[in-house]
Amino acid sequence: MANTPQAKKRIRRNANRAAINGARVSRIRTFIKAVEAALEAGNPTDARDALNKAQPELMRGVARGVIHKNTASRKFSRLTKRVSALG
C-alpha cells in the first residue's frame, strides 16, 4: 500500500493513463477492423478509404507511445499489401 502522498498520486495517475491508453489502443483496433471488414467484403474502394483513415490513427498511437513504431509499420504494411492485392 502506498504511504506517501506522492505514491498515492502516482497510483491515481497511472490508473487514469491506463484508461486513456486503453481507449487509444481500442480506437486503433477499430480502424484496423474496418479495413479488414472491407477486405472481407471484397470492396477495394472502401478498403482503400478505411486504410487511409487507419494510417494516421496508427501513427498517432506511435506518437503517443501506445504502440511501437515497428508494430505500426508492420500492421500498415500488411494491410496495404492486402488492399493492393484486392485491386
Side-chain angles (χ1 to χ4, degrees):
M1 186 63 198
N3 291 327
T4 64
Q6 179 183 7
K8 290 177 183 176
K9 181 178 179 180
R10 180 62 76 172
I11 290 171
R12 288 195 310 269
R13 184 174 167 271
N14 287 346
N16 289 337
R17 297 311 306 172
I20 291 168
N21 288 340
R24 284 185 177 138
V25 172
S26 177
R27 182 177 166 88
I28 291 168
R29 278 199 216 108
T30 302
F31 277 87
I32 291 173
K33 285 177 187 175
V35 177
E36 291 174 345
L39 287 168
E40 291 295 320
N43 194 336
T45 55
D46 285 350
R48 242 178 266 117
D49 291 342
L51 184 66
N52 288 337
K53 291 178 184 174
Q55 196 266 341
E57 288 298 323
L58 281 166
M59 291 304 118
R60 194 170 295 123
V62 170
R64 303 283 190 236
V66 174
I67 57 175
H68 195 271
K69 180 175 66 170
N70 292 353
T71 302
S73 295
R74 181 183 67 243
K75 287 181 183 294
F76 186 69
S77 174
R78 289 177 181 174
L79 288 172
T80 303
K81 192 185 300 185
R82 289 174 62 193
V83 168
S84 61
L86 191 60

Exercise for review: Find the distance between CG (Asn16) and CD1 (Ile11) and round it off to the nearest 0.5 Å.
Suggested key: 12.0 Å
Practice item. Taking side chain to side chain contact (heavy atoms under 4.5 Å, CB included) as the test, write out the residues that go with Asp49, two or more places apart. Key: none
Review point. What residues, two or more places apart in sequence or in another chain, satisfy side chain to side chain contact (heavy atoms under 4.5 Å, CB included) together with Ala7?
Key: Ala2, Thr4
Side-chain donor-acceptor distances from residues 65-82 under 3.5 Å, at least two apart:
residue, atom, partner, partner atom, Å
His68, ND1, Asn70, N, 3.1
Ser73, OG, Lys69, O, 3.1
Thr80, OG1, Phe76, O, 2.6

Cut-off 3.5 Å, no hydrogens considered: what does the side-chain donor-acceptor table look like for residues 28-40, sequence neighbours left out?
residue, atom, partner, partner atom, Å
Thr30, OG1, Ser26, O, 2.9

Check your understanding: Does Val62 share a hydrophobic cluster with Val25, counting links as ILVMFWY side-chain heavy atoms below 4.5 Å and allowing steps through other members?
Key -> yes
Study note, to complete from the structure: For residues 3-28, the salt bridge (Lys or Arg N to Asp or Glu O under 4.0 Å) pairs (sequence neighbours left out) are Arg27-Glu57
Review point. Of all residues at least two apart in sequence or in a different chain, which pass the side-chain hydrogen bond (donor to acceptor under 3.5 Å, both in side chains) check with Asp46?
Key: Asn43
Check your understanding: How close do Gly42 and Pro44 get, heavy atom to heavy atom, and via which atoms?
Key -> O-CD, 3.2 Å
